[in-house]
K.L.:
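Quick one: the structure is below, and I'll ask about it shortly.
Chain A is the first sequence line, chain B the second, and so forth, proteins listed ahead of strands; every chain is numbered from 1.
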There are 2 protein chains.
Amino acid sequence: MATARDVARRAGVSTSTVSHVFNGTRGVSKKLRDRVLAASDELGFEPNIVARTLKTNQSRTLGFVVPDVNAFYIDVLRGVEDVAGAAGYAVMFCHTHDDPTQEQNYLRLLRARRADGIILSPAGTYHDELDRLSRSAYPLVLFDCSVPGLSADLVAVDNEPAAHMAVAHLIEKGHRRIGMVSGDYVFSSSERRVRGYRRALEEAGIPFDESLVVSGASRADLSRRAVLELMSRSPRPTALFVGNNQMTAGAMIALQELGLAVPDDVAYVGFDDVDWASFLRPQMTMVAQPTYEIGRTATQMVIDRIEGDPDRPARRVSLEAKLMVRESSGGGVSLAPASLAQTQDRTSSRRLPSERVVLAEAARRPRVRAAGPVRARQQPM
Amino acid sequence: MATARDVARRAGVSTSTVSHVFNGTRGVSKKLRDRVLAASDELGFEPNIVARTLKTNQSRTLGFVVPDVNAFYIDVLRGVEDVAGAAGYAVMFCHTHDDPTQEQNYLRLLRARRADGIILSPAGTYHDELDRLSRSAYPLVLFDCSVPGLSADLVAVDNEPAAHMAVAHLIEKGHRRIGMVSGDYVFSSSERRVRGYRRALEEAGIPFDESLVVSGASRADLSRRAVLELMSRSPRPTALFVGNNQMTAGAMIALQELGLAVPDDVAYVGFDDVDWASFLRPQMTMVAQPTYEIGRTATQMVIDRIEGDPDRPARRVSLEAKLMVRESSGGGVSLAPASLAQTQDRTSSRRLPSERVVLAEAARRPRVRAAGPVRARQQPM
DNA sequence: GTGAAAGCGCTAACAG
DNA sequence: CTGTTAGCGCTTTCAC
């Protein structure tokens with residue numbers, strides 16, 4: 001492939017002129033600029049980013065690392081790409097398949113390739129590579145949930161109030177025996193959601209019954225078992241709050257196996273909208289996260305860190321979730337058939353059919369609060 | 001970050017010894033090797049891949065570019081990562097959101113960053129960047145479908161027989177009026193599928209009725225409209241063959257709107273298994289592609305090209321699809337509740353509930369046939 | 001407004 | 001078995 005030197009020779013100029021033409025880093029006479037452009041065209045020249053990175057020590061690349069691929073992360077990715085693209089960064093997408101070892105590999109790979117910053121939805125716990133990143137003040141922004149022991153920027157939905165809102169909704173519908181399927185406690189988000197569940201019960205004067213919460217069920221197959229278990233309690237719960245979208249899949253199957261109708265036999269509220277939610281009947285009441293906004297915010301934060309002070313104390317941005325009330329909680333307005341515009345929808349959260357937003361809109365100006373490392377450690381989201 | 005020189009100084013050796021220790025490219029005495037390793041540990045040294053890439057002109061990185069993210073591509077990605085990882089390549093995942101311009105951007109980005117090769121599911125038509133890639137004999141392997149005018153390695157399901165198999169199945173079930181929703185003709189795969197549909201009809205002596213095929217509907221919302229249209233024909237089709245997984249979503253909604261029951265009012269066969277297929281009732285009869293195998297094969301091919309002769313004529317590998325007969329075509333065995341193992345399933349194609357495989361197993365040894373550029377152009381898959 | 005030249009951190013002859 | 005050294009292709013001082 002042609003190099004800047006080839007172009008320079010052909011245009012009869014120095015390599016530095018070629019460089020300046022392509023980067024606009026200093027004035028170049030129109031005559032020379034035209035000659036350079038012509039020569040570069042003829043040669044099919046494309047500046048070698050690898051060499052540039054070596055020289056400038058910045059790759060204009062961001063790593064985006066997620067444990068899994070589903071609608072939630074894809075929507076977040078959209079926000080990431082939009083902000084990154086506008087700021088001249090390319091995005092390297094890495095998918096760890098829920099494997100912390102893979103996560104380490106990808107983080108190392110990104111660091112070795114001199115990605116300028118990393119946006120990460122952690123697969124679980126703290127590990128060496130995270131330690132190294134944090135120690136070297138590598139621009140790193142977490143989203144979705146925090147990692148205990150790690151002080152880093154974070155953008156996430158405030159899970160406690162989100163869960164509270166969901167459970168309060170069920171209580172309002174008259175339910176008093178509400179089962180909860182929770183994700184694995186390695187995720188700080190799971191714990192926060194259980195906490196919101198508890199608070200909603202307490203506020204309604206309903207005693208907390210430990211046997212109605214099954215945790216450690218982040219995967220679909222485990223959540224199926226969790227629901228089978230919950231539904232064997234007597235008296236049987238009349239409502240179910242299920243902690244994430246993967247788990248909704250398993251939960252639905254369990255209910256079908258048991259022959260329980262939603263919402264007549266059990267009311268249902270899930271977490272995270274999923275693309276197939278619209279095809280389920282009844283339509284699902286769900287806590288929806290402002291996915292696109294999460295992506296935008298996280299990217300802005302990582303760029304701030306790259307281009308600003310890398311030693312600034314960690315920030316935490318919390319965004320609000322919305323409760324999309326539909327049929328499965330017995331509270332929805334049953335409307336026209338599901339909307340189909342999802343795949344095109346580039347606005348904040350995915351558009352949803354027959355929805356009635358219960359809580360406030362997702363904050364447009366996310367509340368930002370500073371938090372020192374210690375505080376961050378004590379208040380997982 | 002520490003460099004090889006820092007390590008060398010600290011260990012009292014030359015940089016070349018450091019390099020050889022890390023690459024195993026020549027013998028190093030145990031004494032020196034230990035000193036190097038110790039020094040590198042103390043300094044937290046990580047070889048700078050950017051510099052290495054500049055020097056060696058190979059990045060050990062592969063680009064994986066897809067138009068969309070869904071279960072199909074994620075499964076393919078698994079195969080890609082496994083083979084690439086085993087061969088020491090990292091994978092850079094790029095998602096073009098169905099936008100050919102984005103595709104160009106990503107291809108350029110990959111080339112500028114010196115990815116060693118690219119695995120691409122094209123978003124549509126030929127464009128400049130593809131031209132440049134092909135002209136410079138850049139290692140490129142297409143999968144899923146070909147691009148007219150572009151001669152490149154290709155691995156794809158043989159779409160014509162796959163569609164034929166699906167439609168023949170419906171005919172066998174007694175249907176004679178079968179509607180088809182086809183993807184956009186910019187995809188060679190769409191055209192091949194329609195061809196298979198026609199052949200199945202012809203073989204059964206059923207006249208081809210143009211009004212029963214609606215094309216250009218690769219997106220969910222368009223396929224909904226397509227189904228509404230098809231179902232307004234009189235007499236109404238008694239069966240439907242729908243050309244890809246995105247379209248199944250829209251089709252299901254249309255049928256629900258019309259209040260038509262599957263398979264009693266309309267029999268249904270879709271293309272591509274999707275993760276939410278198991279939650280639909282009735283369970284869907286689908287043409288399933290050997291996704292994992294497609295990923296493995298494509299990656300092997302691109303690595304062959306990188307490490308072998310870049311000017312070898314283009315090869316085309318075709319893999320066989322399977323027909324998973326379930327309830328929606330009225331032909332299934334209704335079995336136990338849907339399997340939940342999908343997300344863990346790392347074997348060839350995703351495990352499927354209540355399935356009866358109709359055609360032969362996906363070929364274990366993919367048939368490879370050489371094809372010169374001209375022939376490749378004339379025989380899109 | 002332009003060019004010469006010194007590296008960025010690594011690898012790989014080449015020389016010992 | 002080990003060290004010296006010349007680049008890979010670019011950016012960026014420095015000098016004109």
Side-chain angles (χ1 to χ4, degrees), chain A residues 1-37 39-40 43-61 88 90 108-116 136, chain B residues 1-37 39-40 43-61 88 90 108-116 136:
Chain A
M1 190 170 287
T3 72
R5 224 175 105 191
D6 300 333
V7 174
R9 242 198 296 268
R10 180 161 195 131
V13 301
S14 72
T15 60
S16 88
T17 296
V18 173
S19 169
H20 289 301
V21 165
F22 276 89
N23 297 304
T25 30
R26 86 179 178 196
V28 174
S29 67
K30 179 161 170 34
K31 203 176 81 185
L32 288 198
R33 133 183 266 95
D34 287 350
R35 287 221 309 261
V36 166
L37 259 19
S40 125
L43 265 34
F45 170 68
E46 187 84 35
N48 186 332
I49 306 248
V50 174
R52 174 182 296 168
T53 300
L54 180 61
K55 182 68 187 168
T56 61
N57 207 28
Q58 52 166 326
S59 59
R60 303 235 70 135
T61 302
R108 189 170 14 242
L109 182 151
L110 253 12
R111 205 164 53 97
R113 271 152 229 255
R114 298 299 187 270
D116 296 326
S136 58
Chain B
M1 190 169 287
T3 73
R5 225 174 105 193
D6 300 333
V7 175
R9 241 198 297 266
R10 180 162 194 131
V13 301
S14 72
T15 61
S16 89
T17 297
V18 174
S19 170
H20 290 301
V21 165
F22 276 89
N23 297 304
T25 30
R26 86 179 177 195
V28 175
S29 68
K30 180 161 168 34
K31 205 177 81 185
L32 288 198
R33 134 184 264 94
D34 286 350
R35 288 221 310 261
V36 166
L37 259 19
S40 126
L43 265 36
F45 170 67
E46 188 84 35
N48 186 332
I49 306 246
V50 174
R52 175 183 295 168
T53 299
L54 180 61
K55 178 67 186 173
T56 62
N57 207 28
Q58 50 166 329
S59 59
R60 303 235 72 138
T61 303
R108 187 168 17 237
L109 182 151
L110 254 10
R111 204 163 53 96
R113 269 152 231 256
R114 298 300 187 271
D116 297 325
S136 58

K.L.:
Between B:S16 and D:dG3, is there a side-chain N or O to OP1/OP2 distance below 4.0 Å?
P.N.:
no
K.L.:
Classify the nucleic acid contact of A:V18 as base, sugar-phosphate or nothing, counting any heavy atom under 4.0 Å across all strands shown.
P.N.:
nothing
K.L.:
Does the side-chain contact (heavy atoms from CB on, under 4.5 Å) test come out yes or no for A:T3 and A:N48, once each step is laid out?
P.N.:
CA-CA 8 Å; A:T3 72; A:N48 186 332; over 6 Å; no
K.L.:
Of all the choices, C:dA13, C:dT2, C:dT11, which nucleotide is nearest to the side chain of B:R26 once you look at every atom?
P.N.:
C:dA13
K.L.:
Establish, with yes or no, whether the OP1 or OP2 oxygen of D:dG3 is under 4.0 angstrom from a side-chain nitrogen or oxygen of B:T17.
P.N.:
yes
K.L.:
Output, in order, the C-alpha distance, side-chain angles, deciding distance and verdict of side-chain contact (heavy atoms from CB on, under 4.5 Å) for A:V50 and A:T53.
P.N.:
CA-CA 5 Å; A:V50 174; A:T53 300; 5.8 Å; no
K.L.:
Heavy atoms, side chains only, cut-off 4.5 Å: are B:V28 and B:V36 in contact?
P.N.:
no
K.L.:
Name the closest nucleotide to the A:A51 side chain, picking from C:dG3, D:dC8, D:dG9.
P.N.:
D:dG9
K.L.:
Taking the nucleotide of DNA chain D with the nearest heavy atom to each, does A:H20 or B:T56 sit closer to the 5' end?
P.N.:
B:T56
K.L.:
In whole Å, I'd like the distance from the CG atom of A:N48 to the P atom of D:dG7.
P.N.:
18 Å
K.L.:
Counting N and O atoms only, with roles assigned by atom type, does the side chain of A:S40 sit under 3.5 Å from a partner on the main chain of A:V7, one being a donor and the other an acceptor?
P.N.:
no
K.L.:
Once you round it to whole Å, what is the distance between C1' of C:dC8 and CZ of A:R114?
P.N.:
11 Å
K.L.:
Give one of base, sugar-phosphate or nothing for A:T3, where a contact means two heavy atoms less than 4.0 Å apart.
P.N.:
sugar-phosphate
K.L.:
Starting at NZ of A:K55 and ending at P of D:dT11, how long is that distance when rounded to a whole Å?
P.N.:
10 Å
K.L.:
Between C:dC8, D:dC10, C:dA4, which nucleotide gets closest to the side-chain atoms of A:F45?
P.N.:
D:dC10
K.L.:
What is the distance, rounded to the nearest whole Å, between atom CZ of B:R5 and atom P of C:dC8?
P.N.:
7 Å
K.L.:
Contact class for B:N57 vs. all strands (heavy atom < 4.0 Å): base, sugar-phosphate, or nothing?
P.N.:
nothing
K.L.:
Hey, which of these two, A:F22 or B:V28, hits DNA chain D nearer its 5' end, going by closest nucleotide?
P.N.:
B:V28
K.L.:
Looking across every strand, which nucleic acid part, if any, lies under 4.0 Å from A:I49 by heavy atom: base, sugar-phosphate, or nothing?
P.N.:
nothing
K.L.:
Does a side chain donor of either A:R113 or B:T61 reach within less than 3.5 Å of an acceptor in the other side chain?
P.N.:
yes
K.L.:
Rounding to a whole Å, what distance do you find between B:Q58:CD and C:dA12:C1'?
P.N.:
13 Å
K.L.:
Tell me what A:V50 touches on the nucleic acid: a base, only sugar-phosphate, or nothing, going by heavy atoms under 4.0 Å.
P.N.:
nothing
K.L.:
Would you tell me if any nitrogen or oxygen in the side chain of A:R52 comes within less than 4.0 Å of OP1 or OP2 on D:dT11?
P.N.:
yes
K.L.:
Is the phosphate of D:dT11, meaning OP1 or OP2, less than 4.0 Å from a side-chain N or O of A:N23?
P.N.:
yes
K.L.:
According to a strict under-4.0 Å criterion, is B:T15 in side-chain N/O contact with OP1 or OP2 of C:dG9?
P.N.:
no
K.L.:
B:L54 has an atom CG; how far is it from atom P of C:dG7, in whole Å?
P.N.:
17 Å
